[in-house]
Novice: 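Quick one: this structure, given as structure tokens, is what I'll be asking you about.
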Amino acid sequence: MRRVERAARCWAALTIVFAVAALGAAPTPAAAAFDPAYEQSNYSKIDERGKRDAADPEFQALLRQKGAEREVERTQIRLDDPERDFNANLCSRHMDGCAGDVRLYDWDKNGFGIRRPVLWVARSGAILSGHLWMTRAGPAKRPGIVVTSGSVQAPEELYWHAGATLAKRGYIVLTWDVQGQGYSDTNGEGVDRDEGVPAQAGRPFFDPTEDALDFFLSSAAKPYVPRPSCTTGTSHAPRQERRVKEGRNAAFNPFADSLDPSRIGLAGHSFGAAGVSFVGQKDPRVKAIVAWDNLRAPSAPPATGCASAPESRTAPPITKPSLGISNDYGLFRMPNTGEPDPLGKSEASRAFSAAGVDNGQVNIRGGTHYEPSYIPNPYFSATLRGIDFVAWYTGAWFDKYVKGDASADARLLTTRWRDDAEEAAVDPTRDGNLFSRYYRSRLDIGLANGGRFLCEDLRPGECPGLTAADGEAAAYGYLKEANTPDAPASAGPPSQPTPPARDCRGRRRFTVGLSRPRGARIRRATLYVNGRRLRRITGRQLRASGRGRIRVPIRLRRRTTRPVRIRVVFRTNRGRVVFKRGFRPCGGPRAK
């Protein structure tokens, strides 16, 4: 608990820079009369998610269980891949407030879809970590979304709701840790070690978003190659190539065969929202943007320059349809003391309208900066239904502007969030309207039928064209959408993380290194490969190690290009110790 409290204080202290730089100054109070009684009721909503989680013993037990499992995973990564350098990251331990929604951890194991870990090298030389999401059911070619996380410490797990729900809507999704967060490296490589450090300076939310797009759009025909660094112009491609050969990094997007590169969207939160607001307008490969707290017009240059590619820092014109999602309260637990400016959240949205580009800005009543990120810690709490609201509008926006689905109009024009039963059940005044009363929510979009919808205030529901017939089930929840069975494995793309390289013949012999259990006397060990017992490990193999390492030779019956899962069970005088490893004979990410 002390670690969580320290993390909370550190998070709050570090984010003050971004609060001023990225979110701007507090809005000027409007002339409307301020109602302290309403503010007290509205402000109390920020604890809804935290109270529910705290009162749920099953969730708390799962949070503890998954936190312990991730701690083992972290230790194993450090042993298996000591080159990676993420130990200084605040959320390198994915426990408590760094865990995200643990109910999504077994999404792939439960048969809801395919999630695969991937690693690649950024232009700074830092090793970046992420996951790809898709379902087996679906068309042969699918649109794609890249999700950039928020600042200070917002590991990708906080946004797995977007990975899961968008995958269910027919997308291939990349969630990833920016440099300096989660399991991505803190520093770059060699002469570029300090590029992107500290992350809060802003660079990792701009440059690596481009790098993530490059990796996402790579393929067997065009493998991923890092761009030259911004600081020195150094190419860190050799590091990427070496790690691919070692079977650590992915040579290209393992789901490339199913991705439609002409339909790509970007989503981002907090500083990530600033990054995607700029990169999305700048990059011709991007069709649409969703910015979670909050959308910015790309008129201002990004937080950092790029000496090796200064043209990448010129402000692009507004051309891409963009949606902003915000809330009543910001980074810190601080109530309003006066009536906010009702237009205070929609400055960027109105700039898009002035440019003649489709846009929207929707604001969550009683919401906080943490609505789009699932943080199971009371200090970073949020409303109960805010994350469902975020998932709904994010999916509908990308359905319309990336997928090209005409039915998305009805989901964007829905009235369901004006009278939500779950919201009313937890609201102090039984108000089921999720739209902010303080900040106006607006939409300015062209419709599939050739018409146009413009509404400057969605909360009253008085704009012509709003509809209750949005085509979805009456009760919507992101977990309901995410945790539904996928098609059988035979009905979709192969489940292996990365297609083998064309010239790879596979392997039948290799050696893995394991850490000798400290302070324990090994009595015997048993080796399992792909779930099957292979043999006992005894004698000299258990003693000959060096630096506490045990080298275990593996010999299979035949060559394989598929991932190999290895499990070694040690029986010691202190009990049973289990080590797990994954190995890819032909490169790409390791098996889990």
Side-chain angles (χ1 to χ4, degrees), residues 143 145 161-162 165-166 168-171 263 265-267 273 276-277 280 286-295 318 320-327 345-346 348-350 352-353 356-365 367 371-372 385-420 423 432-436 439-478 481:
I145 306 295
H161 65 88
T165 55
L166 289 169
K168 286 295 185 180
R169 301 196 77 85
Y171 296 88
R263 296 185 293 168
L266 282 182
V276 302
S277 291
V286 177
K287 299 302 180 187
I289 301 160
V290 174
W292 302 319
D293 208 19
N294 201 20
L295 179 66
I318 296 174
K320 313 289 180 62
S322 301
L323 174 69
I325 303 179
S326 193
N327 23 265
K345 300 282 186 176
S346 56
S349 176
R350 287 179 281 121
F352 276 69
S353 290
V357 177
D358 285 12
N359 70 90
Q361 176 66 46
V362 290
N363 305 305
I364 302 168
R365 183 171 60 90
E371 300 295 323
R385 293 284 278 163
I387 195 168
D388 299 306
F389 182 94
V390 169
W392 175 279
Y393 278 102
T394 299
W397 193 262
F398 286 140
D399 283 353
K400 178 175 177 62
Y401 294 105
V402 176
K403 189 186 294 182
D405 182 358
S407 69
D409 284 350
R411 294 190 290 279
L412 289 172
L413 305 185
T414 184
T415 58
R416 70 165 55 227
W417 299 108
R418 294 188 60 256
D419 187 19
D420 181 72
E423 175 73 9
N433 195 325
L434 269 79
F435 291 107
S436 171
Y439 298 103
R440 292 176 187 169
S441 297
R442 70 188 301 270
L443 281 176
D444 183 4
I445 61 175
L447 302 177
N449 63 10
R452 188 153 198 90
F453 178 82
L454 173 61
C455 183
E456 295 292 353
D457 192 356
L458 292 169
R459 178 176 170 83
E462 298 172 352
C463 298
L466 292 174
T467 179
D470 56 34
E472 298 285 339
Y476 175 80
Y478 79 94
E481 182 171 39

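Computed from heavy atoms alone, side chains included, the values below leave out hydrogens, waters and symmetry copies. A quick note: this is a predicted structure, and the numbers were derived from the prediction, not measured.
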Novice: Check whether any side-chain heavy atom of Glu371 lies under 4.5 Å from a side-chain heavy atom of Asp293, and answer yes or no.
Specialist: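 No - every pair of side-chain heavy atoms lies 4.5 Å or more apart.
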
Novice: Roughly how far, to the nearest 0.5 Å, is the CD atom of Gln361 from the OG atom of Ser322?
Specialist: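 Rounded to the nearest 0.5 Å, the OG-CD separation comes out at 11.0 Å.
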
Novice: Which heavy atom of Pro321 sits nearest a heavy atom of Trp397, and at what distance?
Specialist: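 Between these two residues, the closest heavy atoms are O-NE1, 3.5 Å.
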
Novice: Sub-3.5 Å donor-acceptor pair from the side chain of Asp409 to the main-chain atoms of Ala448, do we have one?
Specialist: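 Confirmed, Asp409 side chain pairs with Ala448 backbone.
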
Novice: Is Asp358 close to Arg452 at the side-chain level, that is, under 4.5 Å between some pair of heavy atoms?
Specialist: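 Yes; the side chains approach each other to less than 4.5 Å.
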
Novice: Please tell me if the side chains of Leu443 and Leu413 come closer than 4.5 Å, counting only heavy atoms from C-beta onward.
Specialist: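 The answer is yes; the side chains approach within 4.5 Å.
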
Novice: Looking at Asp405 and Arg411, is any side-chain nitrogen of the basic one under 4.0 Å from a carboxylate oxygen of the acidic one?
Specialist: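 Yes.
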
Novice: Do Asn359 and Arg442 have side-chain N/O donor and acceptor atoms under 3.5 Å apart?
Specialist: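 Judged by distance alone, the side chains do pair up.
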
Novice: Any Lys/Arg nitrogen of Arg416 or Glu472 sitting under 4.0 Å from an Asp/Glu carboxylate oxygen of the other?
Specialist: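 The answer is no: the pair does not qualify as a salt bridge.
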
Novice: State, without any angle test, whether Thr414 and Asp470 hold a side-chain donor-acceptor pair at a distance under 3.5 Å.
Specialist: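 Checked: Thr414/Asp470 side chains pair up, N/O donor to acceptor below 3.5 Å.
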
Novice: Which heavy-atom pair separates Ala288 from Tyr401 by the least distance, and what is that distance?
Specialist: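 Smallest interatomic distance, heavy atoms only, reads CB-CB, 3.6 Å.
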
Novice: Quick one: closest heavy-atom pair of Leu412 and Ala396, and the distance?
Specialist: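 Closest approach of Leu412 to Ala396, heavy atoms only: CD2-CB, 3.6 Å.
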
Novice: Taking the side chain as C-beta and beyond, is there a heavy-atom pair between Tyr171 and Val402 under 4.5 Å?
Specialist: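 Yes, at least one pair of side-chain atoms sits under 4.5 Å.
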
Novice: Looking only at heavy atoms, what is the nearest atom pair of Ala291 and Ala273, with distance?
Specialist: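 For Ala291 versus Ala273, the nearest heavy atoms are CB-CB, 3.8 Å.
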
Novice: So Val286 and Val276, side chain to side chain contact (heavy atoms under 4.5 Å, CB included) or not? Walk me through it.
Specialist: CA-CA 10 Å; Val286 177; Val276 302; over 6 Å; no

Novice: Could you point out which residue of Val362, Asn363, Ile364 forms a side chain to side chain contact (heavy atoms under 4.5 Å, CB included) with Phe435?
Specialist: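 Per the side chain to side chain contact (heavy atoms under 4.5 Å, CB included) rule, the option paired with Phe435 is Val362, out of Val362, Asn363, Ile364.
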
Novice: Hey, does Leu295 have a side-chain heavy atom less than 4.5 Å from the side chain of Phe352?
Specialist: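 Yes, at least one pair of side-chain atoms sits under 4.5 Å.
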
Novice: So how far is it from Ser441 OG to Arg365 CZ, rounded to the nearest 0.5 Å?
Specialist: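 Answer for the OG-CZ pair, Ser441 versus Arg365, is 11.5 Å.
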
Novice: Distance check, rounded to the nearest 0.5 Å: Ile289 atom CD1 versus Lys287 atom NZ?
Specialist: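 Ile289 atom CD1 to Lys287 atom NZ measures 12.0 Å (nearest 0.5 Å).
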
Novice: To the nearest 0.5 angstrom, please state how far the OG1 atom of Thr415 sits from the CG atom of Asp420.
Specialist: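 The CG atom of Asp420 is 11.0 Å from OG1 of Thr415, to the nearest 0.5 Å.
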
Novice: May I ask you to decide if Ser436's main-chain N or O and Arg459's side chain share a donor-acceptor pair within less than 3.5 Å?
Specialist: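 Flag not set: sc Arg459 to bb Ser436 has no pair under 3.5 Å.
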
Novice: Where is the tightest heavy-atom contact between Ala391 and Tyr478, given as atom of each residue plus distance?
Specialist: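 Heavy-atom minimum between the residues: CB-CB, 3.9 Å.
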
Novice: Any salt bridge (Lys or Arg N to Asp or Glu O under 4.0 Å) pairs touching residues 386-398, not counting sequence neighbours?
Specialist: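 Listed once each, the pairs are Arg385-Asp388.
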
Novice: For Ile445, does its backbone N or O pair with a side-chain atom of Lys400 as donor and acceptor, under 3.5 Å?
Specialist: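 Flag not set: sc Lys400 to bb Ile445 has no pair under 3.5 Å.
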
Novice: When the ring planes of Phe389 and Trp417 are compared, do they come out parallel, tilted or perpendicular, using 30° and 60° as the limits?
Specialist: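 Rings of Phe389 and Trp417: perpendicular, as their planes differ by over 60°.
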
Novice: Drop me the distance from Asp399's CG to Leu166's CG, to the nearest 0.5 angstrom.
Specialist: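 Rounded to the nearest 0.5 Å, the CG-CG separation comes out at 8.0 Å.
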
Novice: Starting at OH of Tyr393, measure out to CD1 of Ile325 and round the result to the nearest 0.5 Å.
Specialist: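 Between Tyr393 OH and Ile325 CD1, I get 9.0 Å after rounding to 0.5 Å.
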
Novice: Taking all non-hydrogen atoms of both residues, which atom of Thr394 and which atom of Val290 are closest, and how far apart?
Specialist: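 Shortest heavy-atom separation between Thr394 and Val290 comes out as OG1-CG1, 3.8 Å.
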
Novice: May I ask you to decide if Tyr439's main-chain N or O and Lys345's side chain share a donor-acceptor pair within less than 3.5 Å?
Specialist: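 Here the side-chain-to-backbone pair does not exist.
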
